[in-house]
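Following: one structure in structure tokens, then a few remarks.
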Amino acid sequence: MKITICACASRTFIDKEKVAQLAAAAKQAGMDVEIVADLCELCECHAPKVHEIAQSTIVACHARAVKSLMAFAGENVCQSIDLRSQPLDDVLQALGIAAAPAAAADEWREQLAAFPSKLGEDAWYPTLDKDACAECGKCFEFCPFGVYEMVNDRVKVVRPQHCKNNCPACARQCPTSAIIFPKYDRSPINGGEEMEERAVRLDSKELYGELLRRRLIERNKSPLR
């Protein structure tokens with residue numbers, strides 16, 4: 001059995017010590033273990049490795065977030081386990097394995113420490129829960145950065161890299177809570193089931209101002225013709 005554990009390297013939503021202890025326990029149980037620095041980044045880039053990951057048991061964040069991430073990359077999830085919100089003991093029980101001695105996690109701690117942190121430029125972008133999406137297009141109409149498009153009357157995320165880092169404004173506009181930002185800190189925007197996020201609508205003028213500033217910067221970078 002292979003398990004793939006997401007370290008969420010640039011954020012602190014998944015406890016790195018839990019990751020190291022889980023990896024040690026899985027290896028002790030004879031499993032094939034791999035830790036990836038950032039599952040969001042791999043899915044954003046449609047990395048070929050995502051197909052391999054989809055065949056494994058994915059241990060990462062909320063199940064809805066993992067499903068939407070993999071769907072964005074064109075893959076289905078075989079099995080996923082939530083390490084973000086579940087205690088380590090519950091994850092070990094779900095996998096049917098026992099905890100390993102603390103020292104056994106040292107090699108995994110070293111690997112985690114070596115992952116680069118990209119906070120501020122890591123893979124922040126929306127994914128869509130198509131089981132909940134009403135295809136209303138409000139996110140497409142609202143987003144000033146061109147992240148979404150309507151394709152055959154269905155909403156798609158087409159330019160994830162255009163999304164403004166740490167801005168979940170479009171998710172706050174979604175009437176069915178179908179927009180997921182896995183790197184956000186509160187549910188349901190991060191894919192969790194709890195209603196931690198209040199329905200606070202941001203001023204769209206601020207977002208459009210940011211868009212204009214970004215376009216001006218890009219225009220100034222362009223060589224004169």
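Scope of the values below: all heavy atoms of this structure, side chains included, with no hydrogens, waters or symmetry mates. We number each residue from 1, following the sequence as shown.
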Task: Side-chain touch Tyr148/Cys170, heavy atoms, less than 4.5 angstrom - done: yes
Task: Carboxylate-amine/guanidinium contact Arg11 Asp122, below 4.0 Å - done: yes
Open item on the list: Using modelled atom types and a 3.5 Å cut-off, is there a donor and acceptor pairing between side-chain atoms of Asp38 and backbone atoms of Cys40?
Closed with: yes
Open item on the list: Return the SG to CD1 distance between Cys43 and Ile53, rounded to the nearest 0.5 Å.
Closed with: 7.0 Å
Task: Test item: Ile14 and Val19 side chains (from C-beta on) under 4.5 Å apart, heavy atoms - done: yes
Task: Lys156 and Glu149 ion-paired at < 4.0 Å - done: no
Open item on the list: Is it the case that the side chain of Asp90 and the backbone of Gln86 share a donor-acceptor pair, with hydrogens and angles ignored and the cut-off at 3.5 Å?
Closed with: no
Task: ILVMFWY network linking Val36 to Val59, side-chain heavy atoms under 4.5 angstrom - done: no
Task: Between Gln21 and Glu17: side-chain donor-acceptor atoms closer than 3.5 Å - done: yes
Open item on the list: Could you see if Leu69 belongs to whatever hydrophobic cluster contains Val147? Use Ile, Leu, Val, Met, Phe, Trp, Tyr and a side-chain cutoff under 4.5 Å.
Closed with: yes
TODO: Would you check, one step at a time, whether the test side chain to side chain donor-acceptor pair (under 3.5 Å) holds for Gln79 with Thr57?
DONE: CA-CA 5 Å; Gln79 181 184 9; Thr57 295; 3.2 Å; yes
- [ ] Could you tell me whether Glu34 and Lys49 have a side-chain N and a carboxylate O separated by less than 4.0 Å?
- [x] yes
Task: Where Ile81 and Val91 come nearest, the two heavy atoms and their spacing - done: CG2-CG1, 3.9 Å
Open item on the list: Return the CH2 to CD distance between Trp108 and Glu110, rounded to the nearest 0.5 Å.
Closed with: 11.5 Å
Task: Check: Gln111 and Ile35 side chains under 4.5 Å, non-hydrogen atoms - done: yes
Task: Residue Gln55 excluded, over 12 heavy atoms near CD under 6.0 Å - done: yes
- [ ] Answer yes when Asp32 and Lys27 have at least one side-chain N-carboxylate O distance shorter than 4.0 Å, and no when they do not.
- [x] no
TODO: For Arg159 and Gly146, indicate whether the former's side chain and the latter's backbone hold a donor-acceptor pair under 3.5 Å.
DONE: yes
Open item on the list: Is there a path of hydrophobic side-chain contacts, each under 4.5 Å between heavy atoms of I/L/V/M/F/W/Y residues, joining Val157 to Ile180?
Closed with: no
- [ ] Would you check if the distance from the ring center of Tyr125 to the ring center of Phe72 is below 6.0 Å?
- [x] yes
Open item on the list: Between Glu52 and Lys2, does any side-chain N to carboxylate O distance fall below 4.0 Å?
Closed with: yes
Open item on the list: Within the 4.5 Å heavy-atom criterion, are Val155 and Cys139 side-chain neighbours or not?
Closed with: yes
Open item on the list: Testing Thr127, Asn166, Ile189 one by one against Phe181 for a side-chain contact (heavy atoms from CB on, under 4.5 Å), which residue passes?
Closed with: Ile189
- [ ] May I ask you to decide whether Asp82 forms a salt bridge with Arg64, counting only side-chain N to carboxylate O separations under 4.0 Å?
- [x] no
Open item on the list: Quick one, Cys163 and Pro126 - any side-chain contact, counting heavy atoms below 4.5 Å?
Closed with: yes
TODO: Could you go through the side-chain contact (heavy atoms from CB on, under 4.5 Å) check for Arg154 and Lys130 one step at a time?
DONE: CA-CA 10 Å; Arg154 291 177 63 83; Lys130 282 300 185 179; 3.8 Å; yes
- [ ] For Trp124 and Lys183, indicate whether the former's side chain and the latter's backbone hold a donor-acceptor pair under 3.5 Å.
- [x] no
- [ ] Answer whether the closest heavy-atom distance between the side chains of Thr176 and Asp129 falls below 4.5 Å.
- [x] no
TODO: May I have the step-by-step check of side-chain contact (heavy atoms from CB on, under 4.5 Å) for Leu83 and Lys18, ending in yes or no?
DONE: CA-CA 8 Å; Leu83 185 63; Lys18 283 170 66 177; 3.7 Å; yes
Task: Distance-minimising heavy-atom pair for Lys138 and Pro175 - done: CD-CD, 4.2 Å
Open item on the list: Are Ile5 and Met1 linked, directly or through intermediate hydrophobic residues, by side-chain heavy-atom contacts shorter than 4.5 Å (ILVMFWY only)?
Closed with: yes
Task: Enclosure of Lys118 NZ (heavy-atom neighbours >12, cutoff 6.0 Å) - done: no
Task: Beyond-backbone contact of Leu128 with Ser68, side-chain heavy atoms, under 4.5 angstrom - done: no
Task: Residue pair His62 / Ser85, side-chain heavy-atom distance below 4.5 Å - done: yes
Open item on the list: According to a hydrophobic-cluster definition based on side-chain heavy atoms being under 4.5 Å apart (Ile, Leu, Val, Met, Phe, Trp, Tyr only), do Val33 and Val66 belong together?
Closed with: no
